[in-house]
Amino acid sequence: QGKPVTVFAAASLKTALDEVMDAWSRESGKQARVSYAGSSALARQIEQGAPADLFISADIDWMDYLEQHKLIRAETRGNLLGNSIVLIASGAHAPAVAITPGFPLASLLKGGRLAMAETSAVPAGKYGKAALESLGVWTSVADRLAQAENVRAALLLVSRGEAPYGIVYATDAAADPKVSVVGTFPAGSHPPILYPAAILAGSKNPDAAAFLAHVKSPKMKPVFEKQGFTVLGQ
Amino acid sequence: MSLSVDLRHSQGSFTLDARFESAGTLTALFGRSGSGKTTLVNIVAGLIRPNRGRVVIGDQVLVDTERGLFLPAHRRRVGYVFQEGRLFPHLTVQQNLLYGRWFAPRAGRHGSLESVVDLLGIAALLERRPALLSGGEKQRVAIGRALLASPRLLLMDEPLAALDEGRKAEILPYIERLRDETRIPILYVSHAVGEVARLAQTVVLLNEGKVAAAGETAEIMGRLDLFPMTGRAEAGAVLESRIEGQEEAYGLTVLRAAGGVLRVPRIDLAVGTPVRIRIRARDVMLALEKPVGISALNILPATVTELRSGDGPIVDVRLDCGGDALLARVTRRSVEVLGLRPGLALYAVVKSVAFDRRSVAPGGEGGGDAGDV
Amino acid sequence: MSLSVDLRHSQGSFTLDARFESAGTLTALFGRSGSGKTTLVNIVAGLIRPNRGRVVIGDQVLVDTERGLFLPAHRRRVGYVFQEGRLFPHLTVQQNLLYGRWFAPRAGRHGSLESVVDLLGIAALLERRPALLSGGEKQRVAIGRALLASPRLLLMDEPLAALDEGRKAEILPYIERLRDETRIPILYVSHAVGEVARLAQTVVLLNEGKVAAAGETAEIMGRLDLFPMTGRAEAGAVLESRIEGQEEAYGLTVLRAAGGVLRVPRIDLAVGTPVRIRIRARDVMLALEKPVGISALNILPATVTELRSGDGPIVDVRLDCGGDALLARVTRRSVEVLGLRPGLALYAVVKSVAFDRRSVAPGGEGGGDAGDV
Amino acid sequence: MDWLTLSPDEVTAIKLSLKVALWAMLASLPLGIAVAYLLARCDFWGKSLLNVLVHLPLILPPVVTGYILLLVFGRRGAVGEFLDQYFGIVFAFRWTGAALAGAVMGFPLMVRAMRLSIEAVDRRLEQAAGTLGANPAMVFLTVTLPLILPGVIAGMILSFAKAMGEFGATITFVSNIPGETQTLPTAIYVFTQVPGGDSGALRLTLVSVAISIAALLASEFLARRAASRIGLS
Amino acid sequence: MDWLTLSPDEVTAIKLSLKVALWAMLASLPLGIAVAYLLARCDFWGKSLLNVLVHLPLILPPVVTGYILLLVFGRRGAVGEFLDQYFGIVFAFRWTGAALAGAVMGFPLMVRAMRLSIEAVDRRLEQAAGTLGANPAMVFLTVTLPLILPGVIAGMILSFAKAMGEFGATITFVSNIPGETQTLPTAIYVFTQVPGGDSGALRLTLVSVAISIAALLASEFLARRAASRIGLS
Ligand SMILES: Nc1ncnc2c1ncn2[C@@H]1O[C@H](COP(=O)(O)OP(=O)(O)OP(=O)(O)O)[C@@H](O)[C@H]1O
Ligand SMILES: Nc1ncnc2c1ncn2[C@@H]1O[C@H](COP(=O)(O)OP(=O)(O)OP(=O)(O)O)[C@@H](O)[C@H]1O
Ligand SMILES: [Mg+2]
Ligand SMILES: [Mg+2]
């Protein structure tokens, strides 16, 4: 039995990935361990020689950054999962909103704030901003934002009723009974939301590739889908 | 104003069990180190809550554990000169001095800053902080601070211990004036028998937490059996007298006591004023015949009433001097050579006289003065 | 061991400018409050670095600013009894007492814990912490701590001020023994003239930071011009004498001084031992004729050499008593009545005698003892 | 040195940070002194509870503290709703909320410093003040407070510094609204989350450090003065 | 009460947190005392710099502190490489690194508490010890140290509590590797990042609070004993 495979993964993947990992251990008898943190922190640690074998990012940018610095094995890189962003409203039974170009988001807010993850740094925020821009409503709500540290915090703001509306991942919205999804942003309104994965250049663990293959295997598809992700075929 | 104390208080293995009354305005607490003087004073000040007992000053009850009464320290208006200074380190000397003023009612203030500062010789220190003062300077500031608080009761725990004779000689008369003029009751702790005998109307002698004796200064200081506690060297008797006249030319005042006439350094008081004088046993010589051509001014006829020898060569002799008691200290050799025995008539030759104006009526009618020849 | 001090040090507006030598083993620092005594002792202890000057004890230079020499405090091996106690609050009394032991070399230890504890009467306090001690108890522990550090130099800043007469009377002989037996040099600050006169070989009189006088105790205490500083009440003269014999029956010892024979309470010393005695001016009476039938044991023929009146009714009289100087204090009235003038032959009647064994040779040959009748 | 130029948004964040930190420090001061006094001097039922409560922000991850703040002081929070309705005080998405977060996070530090100082005060001096007629409140104001000044100053600078650096609880509680709740640390955080944001993070970090150095030096100066007044040095 | 059951990973995280916090506290203690002493007592060139340095972890957002630690003590970092090569000490992605992060974050708190205590020591007692023959080192050990014990204990508990709660710097510096660097706070953080993680976060928070309460009570007990020995109470 070799050393466990060390995976650096975005924190939002925890529930699904824990299950995937358990399955792998059961099947192969090998160990894996996951360090969950923000994609940025993980990328920087990899840059500083972290003993990781596999990186699953919630953000294309950080994976690109590592690739530029030749810290991943480019040939192993692939997009693992997809996600979508949704507009949520406070309360379980909020009326649906048609998300179309120029939809009246500002007036829906009624003086309240739109909760989002940080729009220049956190992926979910960046996607949300892009979507709003392409729909032409960004300028009307730009000064009505409550930008949170991460999607979960944004969700919390809506869930607690601090903000009437928010933009979060579909995966997060599904699990909270105190919010209702009132609309999904059309896939074309923002760059595709992707979770890329790659084996790291410094990895010496022969099991890393096997683990990555396991993650990608069709058997694991339902595990991710249960959490609301779209599993991207190769 | 009278002070009445009836207390029982334990701390660690020490128990204070004190009961006394004092009608005098200055009550001296006297006793060996560790006998409970500071503890008693702290209880009167309100810093220690006694296990049980009662303290009454005048008509004000300070503590009465039975009735669950305990007046907090800040409402007792005592001026407490602590044994260890306790100056406020963050305030200047002047601010320390005036601290009590902030809280004292305007009426009832006595003593101005200037007069107290002058008396204590601390004018040059006013802007300094306590950390930069010498030991005696600190003690003087502490005395000033208590005086300027315009207290209704003054508690002084060895206030003069750190001071030189010269300074003491300046401050003692002030305390006497305070006692007589303002009639503030004073509870005064001191190891110096001289100070106690001079200042106190009432002496309370503490011994291992218990009152060994309490009463008029004259009586306590004259009791031969208390010498082990009051200290032999300063033992003496106190006589009542009246001012008979002044000998301006010599700077002397003539006093009449029951036993005869005494000459002492000038006392600035009217003829007829009652004065209390203390005569130390060690200052009294005995002569079988009336000596002549001798420098001692005071020669009183007397009769031996009691002889009491301690260990060593010394014998204390109690004399009857016109009805008053007088003490003399002589050697065993002299007792034998002179044939001293109770009933023998002889002369007491008194070299030095310490005196102290006897307060006669409440309200007082003029400054007292004191001296020691 | 000799102590040589030559210092200049300024703090705030105060300047200490002291220069003196002392050959005696006990040097008393005497002076009014704020005259710089503690400052001087602190410099000797190494707690203050003087602006400039030199302190030498025996052959060891403690400070020499010119040569840039400064021995740090912990290498001076002084035992310092501070004016304000400074006990370690986190240690028990016993731990406080033994603190200096940890650092003292085994050789050169003097005084056992038991003997010091006994002397100071603090056996019951050993397990307590200083916060629970009375003022005098603290001071006693501080004395014990300094003694048990087996110092090569003892600095005592008013060590007995907080103590009662009884306790003082027990500790004073111990200090005398220390001085004579161990021959540790002692620098002793005190306001009590009695203490100083009894203990000190050398007196240094400080006044506003300057040495007003320094020299043999006898000389300083006898100088009439220094009375304003040494304090009048305790002024007196010191005579040299030898033990002539013992009167066992009376518990007296007979001394021979230049001026005649004196009887004092028993001194446990061999016949022939030199003894120094101090006779206070206030204890001396003058008589034109030799008195008879009188309790005073000591009557010495003398001649008046100088009269000096202060303010008030008092005149200090300097006598020649077989070559030695003697002081007497009388009233102006007596001067006139007796016709006192320089040259007059008369008798000095001495009631009390304070004495003190004169150390003759280094190494000492027995315990001194002291008394006061 | 182009990267050293501050954008207008950043200038706003700096000013806001200063305001937030100052208010956090000042507003928590009276309560801090009171709590420190209670913990140092009094024995009462629930003292341990109070002690734990005070230390909680130190023990908990800041995100959790922010979450709890949101639950309690948010618009829908028990206390938040009450304060809004009766006093018109709103914390949610306001700079006041950022100040509250800073104050809460700095509170254990402030209280501890002041408590240590109070415990070191010689109570015999307070007794002396009492005998001179000062009631307990006056004793506190005229004796205790001046004597604990070094500790108070230490508590203040700790609280200020913490509020200047606080980020997790703040962003969780009041999010990150430029001009309202975007403080320096949140701005720095944002820079650290994007590739290539290092120079921006460094720039703002330098500003933050410069401000804190100034505050630190000022506090040292004040503490030194206070200490010399007490005669400690 | 199913949600209260701890998973094996969580038990590991708890044990690790305890180990990390204890080591953070103990290892920084000697340096903390030394720095506190320097700051309280000595005047030297660069004192202000040292002071700022000590306070830096308080001022900077933890993420920045963590990043700096990563740059300095990481495998590729200047100091990290040196320590690895010559002493075989590795911080990067080890529990030792988590302890280092905790120690650094708690250092300003520890130093401040001890410094306050040192400043309150009556130096005349130290002088007295000097005259009794104790050299400066012995004076410190036998007089100063016992007298500042309450401050030392306060500094220790602050450091411990901070290390127990530290998350930002830790996760940035040594990541969040189960069994190696996953401490309680990082585990809590991850729970807050996923849907349905609240009960897990609450569970671990309760554990964290319980541990810190125990530590706090122990420290109070010790401080009380120390204070009563000094005669302060
Ligand atoms: N640190 C200081 N800074 C400035 N002045 C000081 C300092 N310490 C003492 N003084 C002053 O120096 C003078 C001498 O002080 P010192 O303590 O030596 O007096 P002292 O002779 O011991 O008096 P006492 O008998 O009252 O103890 C005093 O006037 C005092 O006010
Ligand atoms: N807090 C305390 N706890 C226990 N015992 C104490 C406490 N304070 C004082 N004592 C003891 O009580 C006794 C009386 O102390 P107190 O201070 O009243 O004595 P004192 O008469 O003032 O003595 P001194 O003349 O030495 O100041 C002493 O034996 C002392 O050791
Ligand atoms: Mg006392
Ligand atoms: Mg002095």
Side-chain angles (χ1 to χ4, degrees), chain B residues 11-13 31-34 38 83-84 124 128 132 134-137 140 158 161-167 191 193 228 231 233-234 247 250-252 263 265-266 282 285-289 291-297 312-314 328-334 336 338 349 351-352 371-373, chain C residues 11-13 31-34 38 83-84 124 128 132 134-137 140 158 161-167 191 193 228 231 233-234 247 250-252 263 265-266 282 285-289 291-297 312-314 328-334 336 338 349 351-352 371-373:
Chain B
Q11 51 188 11
S13 57
R32 298 199 65 166
S33 169
T38 301
Q83 197 169 5
E84 358 76 73
R128 280 209 231 153
L132 306 185
S134 82
E137 286 164 352
R140 284 182 270 161
E158 304 199 31
L163 298 184
D164 54 289
E165 300 297 333
R167 193 57 74 184
H191 289 307
V193 188
E234 288 285 331
E247 293 188 345
Y250 299 123
L252 296 176
R263 282 187 173 75
R266 182 174 167 74
R282 50 177 283 175
M285 243 172 15
L286 301 179
L288 295 180
E289 290 162 40
V292 288
I294 195 166
S295 64
L297 296 178
I314 292 159
R329 172 165 301 172
V330 301
T331 56
R332 252 194 356 256
R333 191 180 198 278
S334 298
E336 208 161 290
L338 301 183
V349 181
K351 192 157 160 34
S352 299
D372 194 38
V373 188
Chain C
Q11 51 188 10
S13 57
R32 298 200 63 167
S33 168
T38 301
Q83 197 169 5
E84 357 76 72
R128 281 209 230 154
L132 304 185
S134 81
E137 286 164 350
R140 283 181 270 161
E158 305 199 31
L163 299 184
D164 53 290
E165 301 296 334
R167 193 57 74 182
H191 290 307
V193 189
E234 289 285 331
E247 294 189 345
Y250 299 123
L252 295 177
R263 282 189 173 76
R266 183 176 168 73
R282 52 177 282 175
M285 246 172 13
L286 301 179
L288 295 180
E289 290 162 40
V292 287
I294 194 166
S295 65
L297 296 178
I314 293 160
R329 173 165 300 170
V330 301
T331 57
R332 251 189 6 251
R333 191 179 199 276
S334 299
E336 207 161 291
L338 301 182
V349 181
K351 191 154 161 37
S352 300
D372 193 36
V373 189

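Throughout, a chain's letter reflects where its sequence line sits, starting with A, and its residues are numbered from 1.
Contact detail for B:Ile294 and C:Met285: the closest heavy-atom pair is CD1-CE, 3.5 Å.
For chain B, no part of C:Gln11 is nearby; none of its heavy atoms comes within less than 4.5 Å. Contact annotation for C:Leu338: only side-chain heavy atoms (C-beta onward) come within less than 4.5 Å of a heavy atom of chain B. Interface residue C:Glu137: backbone and side-chain heavy atoms are both found under 4.5 Å from chain B. Interface remark: B:Ser134 contributes side-chain atoms only to the contact with chain C (heavy atom separation under 4.5 Å). The part of B:Glu158 that comes within reach of chain C is its side chain, from C-beta onward, which places non-hydrogen atoms under 4.5 angstrom from that chain.
By the salt bridge (Lys or Arg N to Asp or Glu O under 4.0 Å) test, B:Glu247 is found to be paired with B:Arg263, C:Arg333, residues two or more places apart in sequence or in another chain being considered. With sequence neighbours left out, the side-chain contact (heavy atoms from CB on, under 4.5 Å) criterion links B:Glu289 to no other residue.
Contact count versus chain B (heavy atoms, under 4.5 Å) is highest, among C:Ser295, C:Gly251, C:Gly136, C:Ser334, for C:Ser295. Comparing C:Pro291, C:Ser13, C:Gly135 by heavy-atom pairs within less than 4.5 Å of chain B, the highest count is held by C:Gly135.
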